[in-house]
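Every chain is numbered from 1 and lettered A, B, ... according to where its sequence line falls, protein lines coming before strand lines.
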Amino acid sequence: MSASTSCRYPHGVRCTNVRMSPDLTKELPVSTPAMRMSTLFLRTLREDPAEAELPSHRLLVRAGYIRRVAPGIYTWLPLGLKVLRNVERIVREEMDAIGAQELSFPALLPREPFEATGRWTEYGENIFRLKDRKGADYLLGPTHEEMFTLAVKDLYGSYKDLPLSIYQIQLKYRDEARPRAGLLRGREFVMKDSYSFDVDDAGLQASYDAHRGAYIKMFDRLGFDYVIVKATSGAMGGSASEEFLATAENGEDTYVRCTSCDYAANVEAVKVPSPPAIPYDGLPAAHVEDTPGTPTIDTLVDHLNAAFPRADRPWSASDTLKNVLVMVVHPGGRREPLAIGVPGDREIDEKRLGAQVEPAEIEAFDEADFAKHPALARGYMGPGALGEDAASGIRYLLDPRVVDGTDWVTGADSPDRHVIGLVAGRDFTADGTIEAAEVRDGDECPSCGQVLETARGIEMGHIFQLGRKYAEALGLKVLDQNGKLVTVTMGSYGVGVSRAVAAVAEGCHDEFGLVWPRELAPADVHVVATGKAEEVFAKAAELTDALAAQGVSVLYDDRRKVSPGVKFKDAELIGVPTIVIVGKGLEVGTIEIKDRATGVRREVPVDQIVDAVVSEVRGSAS
RNA sequence: CGGGCUGUGGCGCAGCUUGGUAGCGCGCUUCGUUUGGGACGAAGAUGUCGCAGGUUCAAAUCCUGUCAGCCCGACCA
């Protein structure tokens, strides 16, 4: 092999790539040819595409970054690809910085490893499955736990090999029931996933902490507002779980944060604090009353206030205990009824409930199910009939607020009758507690007791301690210091890379278009040549070249016969952070620099323009 | 999978109620004028009206079926 190789760039420019020392490489500015609007594969749209609802989706399509190919499947056009690559670069740099090593698994995977972990069936409809010509089953990887685990098993066998963190940035495929919101929930998407491998829990914690640190740096650089919240680990199982959410009104995830301390959690992970038990000496005995036509909480409260008015205050929904039945469907298909008691002023939050019963799923308790349980008086169910030891034999779990000594109005287990003053602990007990009631603004913070507020976000990253689930399923063991086989413990860390492009766009835009953070922008500078004077284009081209020579990436609008208005609109839509306008200022020897985000513009003498732009680009790059 | 809505040129839409040989804006092509905020004029090109049946002398339009897409919900890194 010779010491130099040559390649051809698409423009036909011949370049010689001489091997050089790393130090030498560093000294040379990296010069990228400017993108010219006259030839760039781009078409901006004046009108919003009908398919897009969210600002990020609308703008990415309008500005010519992406095109939809099928539901949840998008083409990256040149500008979009630049941004995607920038996100990848940031992620890669921060992963490399903690010593994680990049590799790349296939997207097309055989069935067997997923069979071993049970996910071929557990993942269900969300897997894209296909067969090869011989009829063998394959899938397009929705995540790669199995592949990472097997790769380590394949190569490593000793505690001396650990710890290890490996990652990939790769396409994932999920056959979502309903793809939506453009890049935010696609069926094909780019994800960075990494896994840490350690011999013991202390090692896992250290790997987790390293990733957490890397994620903080990464998300700081990505340039959107985010919060780190406590989370549940979803279908993967595991503990010590945190999510990085981009704060966004349109986000799909609801989280809470404390208005006083730093507590923040996904609603699914909120632990409702139990108030202290109340002594029930001296509380009046419970009594059953006729409450005709009161199958709902509203009708019950109205009836109570009419028929049994309280002396101190009116009855309210929070005085009642609402009992709700659901059907828990276990992975094997076994159906188990479950009764949940919550204060009557709260609904069951199905996401929270779902997180509690994972990996089982929740189905509605239907007519046929009621028919099988004659002990249940629909609309008038009470603790009397519920519980594993009671008439129905149905497991009964209570909201943590229903502590011993609290008293309730609740169903008396016969039609049109309720019991008043039923005291928890004295008159009834349950089989345990469950976090299933909705979380609301103003709820008590589990950490400091102050007030919680809810907000919405987009899940951008998730880190959690996966533990030994996959290592056990796939037999990943190493020899420890004593020559004994121990099962490796794993951490799992994901970042939605393509989703980040949309999330940033969702957070960084105005009425005119996108406003990219500098590190993600498809170019450092957007040079706009206005007018038709030959000298304007000559000067703009010269400036473009000079900037490129300085390592500044330039998008140069060199289109002739396109009016200045169109060029300005396009520049604002595309959202490169610095816009340089070469035009009528030339007559007095100036060129204009405009900041896309603030709209602030200033005239700079022609002979200082390169330095001014370079310092603009470098200066605000922090 | 439930609920709602929509399929008409590259994009955004009108036309459908009351059947009569398909239209507007943007974009595209050519020529000319214009060039600091999505210019103007003239001349053009581009359509199996989602698909399949049916009714009718005649269907974008009415009927039946079907497919696809979008939105809300369910579900979900």
Side-chain angles (χ1 to χ4, degrees), chain A residues 43-54 57-58 61-62 64 67-73 123-127 141-145 170-182 184-194 231-236 238 241 243-245 252-253 266 268 350-351 353-355 358-359 361-364 458-464 466 492-500 512-513 528-533 536-537 559-573 579 581-587 591-592 594 599 601 603:
Chain A
R43 177 115 305 146
T44 57
L45 305 177
R46 188 184 293 215
E47 289 169 292
D48 284 330
E51 70 194 28
E53 290 281 310
L54 293 188
H57 190 189
R58 282 206 310 265
V61 174
R62 266 192 67 200
R67 300 289 300 172
R68 195 191 74 104
V69 171
I73 302 177
Y123 226 94
E125 299 269 76
N126 269 12
I127 289 187
T143 65
H144 283 77
E145 280 82 358
Q170 225 254 18
L171 287 170
K172 307 284 189 203
Y173 296 86
R174 291 185 197 169
D175 193 2
E176 295 282 348
R178 185 155 94 81
R180 68 183 84 177
L184 283 178
R185 177 169 296 289
R187 295 195 294 171
E188 177 187 87
F189 55 98
V190 180
M191 179 176 175
K192 186 285 298 182
D193 53 334
S194 50
T232 55
S233 307
M236 316 296 173
S241 179
E243 283 171 347
F244 290 68
L245 302 181
E252 291 186 301
D253 284 306
N266 193 305
E268 293 170 19
E350 293 188 28
K351 285 193 176 181
L353 172 58
E358 202 99 66
E361 292 180 359
I362 295 296
E363 280 182 10
I458 301 163
E459 184 183 350
M460 297 306 313
H462 190 181
I463 58 177
F464 64 98
L466 184 53
S492 172
Y493 319 91
V495 174
V497 173
S498 47
R499 178 180 278 185
F512 305 111
V528 176
T530 64
K532 58 178 177 178
V536 166
F537 285 88
R559 291 175 294 178
R560 313 273 175 146
K561 300 195 172 188
V562 172
S563 72
V566 172
K567 293 184 175 183
F568 294 147
K569 290 288 186 191
D570 275 346
E572 278 153 1
L573 184 58
I579 300 167
I581 302 157
V582 184
K584 67 178 184 188
L586 231 42
E587 291 164 19
I591 288 174
E592 184 179 323
K594 180 178 171 184
R601 46 177 82 185
E603 300 286 341

- request: Give a yes or no on whether a donor-acceptor pair under 3.5 Å exists between the nucleobase atoms of B/G38, that is its base, and the side chain of A/D570.
  value: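 Looking at the base of B/G38, it does pair with a donor or acceptor on the side chain of A/D570 (distance under 3.5 Å).
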
task: Would you kindly check whether a donor in the side chain of A/R46 faces an acceptor in the base of B/G10, or vice versa, at under 3.5 angstrom?
output: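 No pair found.
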
task: Report yes or no: is the cationic atom of A/R560 (NZ for Lys, CZ for Arg) closer than 6.0 Å to the six-membered ring centre of A/F537, at no more than 45° off its axis?
output: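 Yes, A/R560 sits over the ring of A/F537.
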
Below 4.0 angstrom, N of the basic side chain to O of the carboxylate: do [X] and [Y] qualify?
X      : Y      : answer
A/D570 : A/R559 : yes
A/E572 : A/K594 : yes
A/E176 : A/R185 : yes
A/R180 : A/E252 : yes

What does [X] touch in the nucleic acid at a heavy-atom separation under 4.0 angstrom: a base, only the sugar-phosphate, or nothing?
X      : value
A/G461 : nothing
A/P71  : sugar-phosphate
A/G494 : nothing
A/D193 : nothing
A/E252 : nothing
A/R559 : nothing
A/V562 : base
A/K594 : base

Out of [options], which has the shortest distance to the side chain of [X]?
X      : options             : answer
A/E176 : B/G38, B/G12, B/C76 : B/C76
A/R180 : B/C76, B/C13, B/G73 : B/G73
A/R43  : B/C76, B/C28, B/C70 : B/C28
A/I581 : B/U35, B/A39, B/G36 : B/G36
A/E47  : B/A39, B/C11, B/G69 : B/C11
A/E572 : B/G36, B/G69, B/G37 : B/G37
A/N126 : B/U35, B/C76, B/G73 : B/C76
A/K569 : B/U35, B/G73, B/G38 : B/G38
A/R178 : B/C72, B/G38, B/G37 : B/C72

Within this structure, what is the [atom1]-[atom2] distance for the pair [X] and [Y], rounded to the nearest 0.5 Å?
X      : Y      : atom1 : atom2 : result
A/I463 : A/F244 : CD1   : CZ    : 4.5 Å
A/F189 : A/L171 : CZ    : CG    : 9.5 Å
A/K584 : A/T530 : NZ    : OG1   : 8.5 Å

Residue met sooner reading RNA chain B from 5', once A/K532 and A/R187 are mapped to nucleotides: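 Nearest nucleotide further toward 5': that of A/K532.
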
- prompt: 5'-most contact on RNA chain B: A/M460 or A/R62, nearest heavy atom basis?
  reply: A/R62

Find every protein N or O atom lying less than 3.5 Å from an N or O atom of nucleotides 5-7 of chain B, and list the pairs.
none

Tell which nucleotide pairs with [N], taking only Watson-Crick or G-U wobble pairs whose two distances are both under 3.5 angstrom.
N     : value
B/U64 : B/A52
B/C5  : B/G69
B/U29 : B/A43
B/G19 : none

Work out how far the [atom1] atom of [N] is from that of [M], and round it to whole angstrom.
N     : M     : atom1 : value
B/C72 : B/U66 : C1'   : 24 Å
B/U6  : B/A45 : C1'   : 29 Å
B/A59 : B/G53 : P     : 13 Å
B/G15 : B/G20 : C1'   : 14 Å
B/C24 : B/C51 : C1'   : 27 Å
B/C40 : B/G54 : P     : 49 Å
B/U8  : B/C1  : P     : 24 Å
B/G4  : B/U61 : C1'   : 23 Å

query: What closest approach, in Å, do A/L245 and A/E459 show between heavy atoms, and which atom pair accounts for it?
result: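 Closest approach of A/L245 to A/E459: CD2-CA, 3.5 Å.
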
- prompt: How far apart are the closest heavy atoms of A/M191 and A/K172, and which atoms are they?
  reply: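 Scanning both residues, the minimum pair turns out to be CB-CG, 3.7 Å.
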
Phosphate OP1/OP2 of B/G36 contacted by A/T530 side-chain N/O (<4.0 Å): no

query: Roughly, in whole Å, what's the span from CD1 in A/I579 to C1' in B/G37?
result: 12 Å

message: Nearest whole Å is fine: how far is B/C11 P from A/R58 CZ?
response: 19 Å

